[in-house]
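Report on the structure given below.
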Amino acid sequence: MDKVTAPRLAAFKAEGRPIVCVTAYDVPTARAAEEAGVDLVLVGDSLGNVLLGHANTLPVSLEDMVVHTRAVASVCRRPLLVTDLPFGSYQASVEESVRSAVAVAKAGAEAVKLEGDYPRQIDAIVRAGIPVVSHLGMTPQSVHRFGGFRVQGRGEQAEQVVAAACRLQDAGACALVLELVPAELAGEITDRLTIPTIGIGAGPACDGQIQVWHDVLGFTPETFRHVRRYAELGAAAVGALRAYAEDVRAKRFPTKENSF
Ligand code: KIV
């Protein structure tokens with residue numbers, strides 16, 4: 001299958017071909033995504049929650065994103081490799097946003113994603129040569145402003161989300177992630193835009209879907225309504241480690257075959 005590039009995303013939409021996206025953070029997670037034929041791999045700042053044990057994504061640093069992007073880039077070939085710009089690395093100024101995007105691009109990102117309504121930043125990063133994916137709805141870096149992880153864009157808010165989506169497309173975004181927005185609103189935005197929408201908790205009308213690796217594979221303790229778990233690898237890992245521990249304690253491992 002051909003390499004997925006940022007300009008090809010609009011062709012996927014035009015062809016009605018759903019875009020399959022998943023997060024990855026290191027060599028094993030990226031290799032699994034690559035081998036499964038995923039179209040887009042996101043080095044998400046969700047690594048703050050699922051890998052680093054933070055309560056939310058706010059503490060994640062640009063250096064964290066650079067380190068994990070480098071690891072994913074070492075094995076990611078066909079999927080488009082997108083990296084999140086973390087909280088505090090793009091909001092304060094256009095110049096800072098370009099510098100942050102350049103840092104992750106040098107580590108191997110083929111596009112960056114940034115949350116919220118920042119058309120000037122998107123325009124400048126695209127001018128610098130780096131494609132940008134936008135992200136609206138429940139943007140986790142604004143969790144305190146929203147007062148928790150809640151569906152966004154209900155009622156009167158819907159028009160604001162549509163207007164922001166059009167603004168970000170005009171600024172040069174190559175795709176738009178919609179997180180926890182009503183399915184009907186996501187469908188309306190998907191119809192209005194020429195760039196693809198990629199949903200997470202945004203219903204079936206989006207042009208693509210994205211999920212967090214640890215959620216779909218059963219490594220996170222809770223299941224959320226927007227997640228479907230395709231495996232229980234967390235439980236499988238505990239079972240395997242218990243078997244290993246029992247074998248060591250019973251002196252069944254190592255055997256002659258494992259020795260030199
Ligand atoms: O950081 C992340 O994993 C994300 C996706 C859930 C869209 O932004």
Side-chain angles (χ1 to χ4, degrees), residues 9 18-26 29-30 32-33 38-62 64-69 71-72 76 79-91 100-101 104 109 111-118 122 131-143 146 149-153 161 165 168 173-181 186 189-190 195-203 206-217 219-220 222-230:
L9 294 179
I19 304 169
V20 181
C21 316
V22 73
T23 63
Y25 312 102
D26 54 18
T29 56
V38 162
D39 300 310
L40 183 156
V41 161
L42 172 69
V43 183
D45 61 353
S46 51
L47 66 84
N49 310 51
V50 298
L51 290 190
L52 304 180
H54 302 312
N56 53 50
T57 57
L58 303 193
V60 175
S61 68
L62 188 60
D64 291 332
M65 300 312 295
V66 165
V67 167
H68 287 275
T69 298
V72 169
C76 185
L80 178 67
L81 198 176
V82 183
T83 292
D84 266 336
L85 293 189
F87 180 62
S89 73
Y90 60 93
Q91 292 92 340
S100 302
V104 294
V112 298
K113 176 166 79 60
L114 56 90
E115 297 183 6
D117 191 4
Y118 288 95
I122 291 171
V132 179
V133 175
S134 297
H135 185 163
L136 292 174
M138 174 60 231
T139 45
Q141 292 175 15
S142 302
V143 59
F146 294 136
F149 290 90
R150 301 169 202 285
V151 173
Q152 299 297 313
V161 183
L168 300 178
C174 65
L176 170 66
V177 170
L178 289 170
E179 180 162 355
L180 297 190
V181 302
I189 294 170
T190 301
I195 60 171
T197 56
I198 296 169
I200 173 163
C206 293
D207 299 301
Q209 298 292 329
I210 185 158
Q211 291 281 301
V212 169
W213 204 93
H214 292 67
D215 288 341
V216 282
L217 293 174
F219 278 101
T220 37
E222 307 154 87
T223 33
F224 307 103
R225 181 167 165 168
H226 63 272
V227 172
R228 183 180 291 166
R229 283 165 91 111
Y230 286 86

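One-based numbering, in listed order, for ligands and for the atoms of each.
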Which pair of non-hydrogen atoms, one from [X] and one from [Y], has the smallest distance, and what is that distance?
X	Y	answer
Ile122	Ser134	CD1-OG, 3.3 Å
Trp213	Thr29	NE1-O, 3.3 Å
Leu9	Pro196	O-CG, 3.5 Å
Ala109	Thr83	CB-OG1, 3.4 Å
Thr139	Gly116	CG2-N, 4.1 Å
Cys174	Pro131	SG-CB, 4.1 Å

Can you sort out which atoms of ligand 1 are near [X], meaning under 4.0 Å from one of its heavy atoms?
X	value
Gly44	1 (O), 2 (C), 3 (O)
Ile200	6 (C)
Thr23	3 (O)

Applying a heavy-atom cut-off of 4.0 Å, say which part of [X] lies close to ligand 1: side chain, backbone, both or neither.
X	answer
Lys113	side chain
Asp45	both
His135	side chain

Quick one: does Gln211 get within less than 4.0 Å of ligand 1, heavy atoms only?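 Under 4.0 Å: no for Gln211.
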
Short N/O distance, under 3.5 Å, between Tyr25 and ligand 1?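 Such a contact does not occur with ligand 1.
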
Closest non-hydrogen protein atom to atom 5 (C) of ligand 1, residue and atom name please, with distance?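 Residue, atom and distance for the closest contact: Leu42 CD2, 3.7 Å.
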
Among all protein heavy atoms, pick out the one at the shortest distance from atom 3 (O) of ligand 1; state its residue, atom name and that distance to 0.1 Å.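 Atom 3 (O) of ligand 1 sits closest to the protein heavy atom Ser46 OG, 2.5 Å.
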
Would you check, one step at a time, whether the test side-chain contact (heavy atoms from CB on, under 4.5 Å) holds for Glu179 with Ile210? CA-CA 9 Å; Glu179 180 162 355; Ile210 185 158; over 6 Å; no

